[in-house]
Amino acid sequence: ETARLYAENSMGELLSGFAMLSEHLDALASSPESGRSVQGELEGISVHLQSQDRVAQMLHAVTDDMQRMTSYLNGRDDPAARVPQQWLHRLEASYTMEDMKATHHNQEVVAPPSGVQYF
Amino acid sequence: MSKVIMVVDDSSSFRTVVKLALQKAGYLVQEAGDGQEAIDKLPTVKPNLIVCDVNMPRLDGLSFARHVRAHPVHKFTPIIMLTTESQESKKEEGKAAGVRAWITKPFQPSQLVDAVKRLCP
């Protein structure tokens with residue numbers, strides 16, 4: 001929890017700097033070419049930050065499960081602990097991403113579709 | 001007058017990323033940390049469009065979307081889901097809940113801006 005809070009605070013500071021940088025770059029956009037190049041860099045940074053968000057969610061699912069196991073070993077009753085398949089099924093139900101499910105079943109991880117899907 | 005976008009996500013850092021992208025495109029952005037907070041803020045924020053995550057504490061994104069669709073004032077407000085969820089069954093659930101667009105993370109900020117412009121001209 002301490003590590004998570006530290007990471008969150010660090011991310012907040014990073015993003016504050018990111019916001020300031022973005023504002024300054026707007027003001028310095030005298031060269032369209034350099035402006036486009038910088039814009040591309042900023043978008044790349046944004047994608048990387050989102051990837052960290054995905055990793056954080058994956059870690060959250062795993063650490064929650066580890067906490068359940070710890071609680072069971074410390075005496076808390078958990079019927080799923082007596083049936084491994086039930087435990088694994090419950091873990092899988094907590095996944096939000098297709099690549100997590102694929103890894104769970106030792107299948108090839110397929111990159112999620114990018115782009116916007118309209119309804 | 002600038003359009004108002006409400007960004008709903010339990011990650012403050014991710015809300016900042018989205019906010020930066022939308023503000024650069026000229027939108028006013030209001031934030032909420034989960035679906036319940038977003039419901040509480042709807043009367044004062046009066047968003048023209050909502051960008052929302054799916055997995056959030058207290059009230060998840062799809063439950064929030066159903067609430068918005070049932071709201072007499074906001075039922076026509078477009079909702080874009082911006083989420084790590086990529087399963088087709090979840091997307092179908094979103095469609096049934098009245099969501100207008102689904103963007104799977106990671107996304108390019110320009111994709112989000114284009115979607116906002118399309119749904120909120």
Side-chain angles (χ1 to χ4, degrees), chain A residues 4-5 7-23 25-26 29 35-36 38-58 60-61 64 92-102 109-119, chain B residues 9-26 29 51 53-57 60-61 65 78-119:
Chain A
R4 188 190 67 78
L5 287 171
E8 186 76 14
N9 288 336
S10 299
M11 185 70 80
E13 288 176 15
L14 174 65
L15 286 167
S16 294
F18 187 80
M20 285 173 53
L21 176 64
S22 181
E23 287 173 13
L25 287 169
D26 278 341
R36 280 192 291 274
V38 169
Q39 183 66 34
E41 294 281 347
L42 290 175
E43 295 213 341
I45 292 172
S46 172
V47 169
H48 284 307
L49 289 172
Q50 293 172 65
S51 295
Q52 289 183 15
D53 185 38
R54 282 168 50 85
V55 170
Q57 288 199 29
M58 292 178 187
H60 192 68
D64 273 359
E92 186 182 3
S94 71
Y95 297 157
T96 60
M97 290 168 262
E98 285 293 342
D99 40 1
M100 293 174 74
K101 287 182 179 283
V109 175
V110 178
S114 61
V116 185
Q117 187 169 347
Y118 293 98
F119 301 132
Chain B
D9 197 299
D10 57 329
S11 168
S12 60
S13 53
F14 184 71
R15 289 200 307 268
T16 302
V17 170
V18 174
K19 185 175 180 177
L20 288 175
L22 294 175
Q23 284 180 333
K24 278 181 67 67
V29 178
V51 176
D53 190 9
V54 171
N55 297 302
M56 296 182 290
D60 67 271
I79 301 173
I80 297 175
M81 281 298 169
L82 194 53
T83 175
T84 53
E85 290 271 8
S86 54
Q87 299 173 68
E88 284 304 315
S89 58
K90 193 61 78 172
K91 291 180 187 177
E92 287 298 319
E93 206 178 324
K95 184 180 176 181
V99 168
R100 294 289 304 278
W102 194 281
I103 304 177
T104 305
K105 297 175 187 176
F107 67 98
Q108 294 284 347
S110 56
Q111 290 176 311
L112 172 63
V113 173
D114 288 346
V116 171
K117 285 179 180 176
R118 174 168 167 166
L119 296 175

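As the structure is a computational prediction, the values presented were derived from the model and not from experiment.
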### Message
With a 4.5 angstrom heavy-atom cut-off, is it the side chain or the backbone of B:Ser110 that approaches chain A, or both, or neither?
### Response
both
### Message
Taking every non-hydrogen pair under 4.5 Å, which of B:Leu119, B:Val18, B:Val54, B:Thr84 racks up the most with chain A?
### Response
B:Thr84
### Query
Which one of B:Glu92, B:Met81, B:Arg100, B:Lys91 satisfies the side-chain contact (heavy atoms from CB on, under 4.5 Å) criterion with A:Phe119?
B:Lys91
### Query
Does any non-hydrogen side-chain atom of A:Val116 lie less than 4.5 Å from one of B:Phe107?
no
### Message
Looking at B:Lys95, I'd like to know if its NZ atom is crowded, meaning that more than 12 non-hydrogen atoms belonging to other residues, nucleotides or ligands lie closer than 6.0 Å.
### Response
no
